[in-house]
Amino acid sequence: MADKSSIEWTDATWNPVTGCTKISVGCDNCYAARFSERWRGVPDHPFENGFDLTLRPERLLQPFNWKKSRMIFVNSMSDLFHKEIPKEYISKVFDTMENARWHHYQVLTKRSSLMQKFINERYKDRPAPEHMWFGVSVENEQATSRIAHLQSTNVSIRFLSIEPLIAPIGRLNLKGIAWVIVGGESGPGARPMDPRWAIDIRNQCIKSKVAFFFKQWGGRTPKAGGRLLEGKEWNQLPKELPTADRQYELRASA
């Protein structure tokens, strides 16, 4: 759990699970895998087992230790809806998110159908609480099928993380989507992002009145290309929620 995060669209990270397996081309240069494998075999290091899927039950209650409201990215080093994570364990993560409700939680997955099934079973008669945001990763047009799963998931706030953007996305169905994040890939072998791809997504968001956040161009390092898109820094966030302790207003630096 990191009290401060370098990820521009969140405040902190919480990892009750670490490790994952690759399921699409968007995973090819996974930063979490690259970082974790550096420490494989180092005795007593948190990533002694590299990027092997690992449950961290000692971390399940960590958000209760933070009394000040934070935006928390859940499982930045894994995917909460990995098929090998027991449903009972996922339920414990949800219990914490529901009860430590002075925070906002951002849950992001590539396993959209498993998320849809779990959430729709847990929240049969009402949407998931508004302080819990759920998103899917979309790296190219083929991955847009995940958006339909998200739109059929019984939640209040839905978002897309279009990162790494490695190919044109095409026409997006943004119905029910509150927020779109776009970013280029970073690290060794980073695949370049065509500016036209990012501009097209931004324009679609403007037309649909969906908050747009441009995270980075990417490159050898995350900050290598900066954050300006057509000379502007785009930091839009979903509108303020009724349960928010902080004010998340729809805004853009222009």
Side-chain angles (χ1 to χ4, degrees), residues 1-42 45-56 59 62 70-82 84-85 93 105-112 115 133-140 142-143 146 159-167 169 179-194 197-198 201 213-229 234-235:
M1 189 164 181
D3 188 15
K4 294 182 180 179
S5 173
S6 62
I7 301 172
E8 288 83 356
W9 45 263
T10 198
D11 297 327
T13 57
W14 171 43
N15 285 283
V17 182
T18 57
C20 198
T21 51
K22 297 180 179 182
I23 62 168
S24 73
V25 294
C27 303
D28 287 351
N29 295 322
C30 176
Y31 78 93
R34 186 170 63 249
F35 174 86
S36 303
E37 289 299 329
R38 291 173 54 195
W39 309 102
R40 182 179 288 277
V42 178
H45 192 278
F47 291 101
E48 180 180 357
N49 296 323
F51 205 50
D52 296 348
L53 187 71
T54 305
L55 305 186
R56 309 278 187 171
R59 299 179 180 179
Q62 284 181 328
R70 287 168 169 79
M71 181 68 79
I72 300 175
F73 179 17
V74 181
N75 273 11
S76 63
M77 301 295 288
S78 185
D79 188 325
L80 184 60
F81 297 99
H82 193 287
E84 294 182 12
I85 301 177
V93 174
Y105 300 90
Q106 299 157 309
V107 182
L108 183 63
T109 186
K110 286 185 174 69
R111 294 158 173 84
S112 52
M115 178 181 71
W133 302 2
F134 295 89
V136 295
S137 297
V138 182
E139 65 268 17
N140 55 26
Q142 288 70 38
R146 299 172 189 152
F159 70 96
L160 307 181
S161 176
I162 306 180
E163 183 188 6
L165 177 56
I166 58 174
I169 289 291
W179 190 30
V180 173
I181 303 163
V182 169
E185 191 167 61
S186 62
R191 292 161 283 188
M193 177 173 60
D194 190 316
W197 306 341
I201 295 169
F213 193 106
F214 187 71
K215 181 174 178 283
Q216 64 187 37
W217 284 104
R220 184 63 181 81
T221 65
K223 314 300 182 185
R227 298 191 55 230
L228 299 182
L229 179 62
W234 294 84
N235 296 312

Point to revise | pair S161-F213: side-chain heavy atoms closer than 4.5 Å | key: no
Study note, to complete from the structure: To the nearest 0.5 Å, atom CD1 of I85 lies from atom CG of D79 at 7.0 Å
**Study point:** Test applied, ring-ring contact (aromatic ring centres under 6.0 Å, His included); reference residue, W9; option that passes from W234, F73, W133
**Key:** F73
Exercise for review: Please name the pair of heavy atoms, one in V182 and one in I201, separated by the smallest distance, quoted to 0.1 Å.
Suggested key: CG2-CG2, 3.7 Å
Check your understanding: Counting distance only, does the side-chain N/O of E185 pair as donor-acceptor with the main-chain N or O of R191 below 3.5 Å?
Key -> yes
Review point. Has the side chain of R220 got a donor or acceptor atom that lies under 3.5 Å from a matching backbone atom of G187?
Key: no
Review point. For S76 and A32, which heavy atoms make the closest approach, and how far apart are they?
Key: O-CB, 4.2 Å
Review point. Nearest 0.5 Å, what's the CG-OH distance between L80 and Y105?
Key: 13.0 Å
Point to revise | Atom pair CD1/CD of I181 and Q216 - distance to nearest 0.5 Å | key: 11.0 Å
Revision key, fill the gap. Rounded to the nearest 0.5 Å, the CZ atom of R40 sits from the CG atom of D52 at a distance of 4.0 Å
Review point. Can you check side chain to side chain contact (heavy atoms under 4.5 Å, CB included) on L229 and W217, steps first, answer last?
Key: CA-CA 9 Å; L229 179 62; W217 284 104; 3.7 Å; yes
Revision key, fill the gap. Looking only at heavy atoms, the pair that brings I166 and W197 closest together is C-CZ3, 3.3 Å
Exercise for review: Applying side-chain contact (heavy atoms from CB on, under 4.5 Å), name anything that partners S24, two or more places apart in sequence or on another chain.
Suggested key: C27, K110, E139, R146
Practice item. Under the side chain to side chain contact (heavy atoms under 4.5 Å, CB included) rule, what do L108 and F159 come out as? Steps first, then yes or no, please. Key: CA-CA 9 Å; L108 183 63; F159 70 96; 3.9 Å; yes
**Study point:** Where L165 and A198 come nearest, the two heavy atoms and their spacing
**Key:** CD2-N, 3.9 Å
Exercise for review: Please identify each residue that fulfils side-chain contact (heavy atoms from CB on, under 4.5 Å) with A33, with sequence neighbours left out.
Suggested key: C30, F51
Revision key, fill the gap. Smallest heavy-atom separation, R70 atom then A12 atom, equals CD-CB, 4.2 Å
**Study point:** Non-hydrogen atoms of I7 and S5 that approach each other most closely
**Key:** N-OG, 3.0 Å
Practice item. Hey, could you give me the NZ/CD distance between K215 and E163, rounded to the nearest 0.5 Å? Key: 4.0 Å
Review point. Is the backbone of G19 close enough, under 3.5 Å, to the side chain of S78 for a donor and an acceptor to pair up by distance?
Key: yes
Practice item. For H82 and L53, run side chain to side chain contact (heavy atoms under 4.5 Å, CB included): C-alpha distance rounded to whole Å, both residues' side-chain angles, the deciding distance at 0.1 Å, then the answer. Key: CA-CA 9 Å; H82 193 287; L53 187 71; 3.8 Å; yes
Practice item. Calculate, to the nearest 0.5 Å, the distance between atoms CG and CD1 belonging to L160 and I169 respectively. Key: 9.0 Å
Check your understanding: Of all residues at least two apart in sequence or in a different chain, which pass the side-chain contact (heavy atoms from CB on, under 4.5 Å) check with T18?
Key -> N15, F47, T54, R56, R59, M77
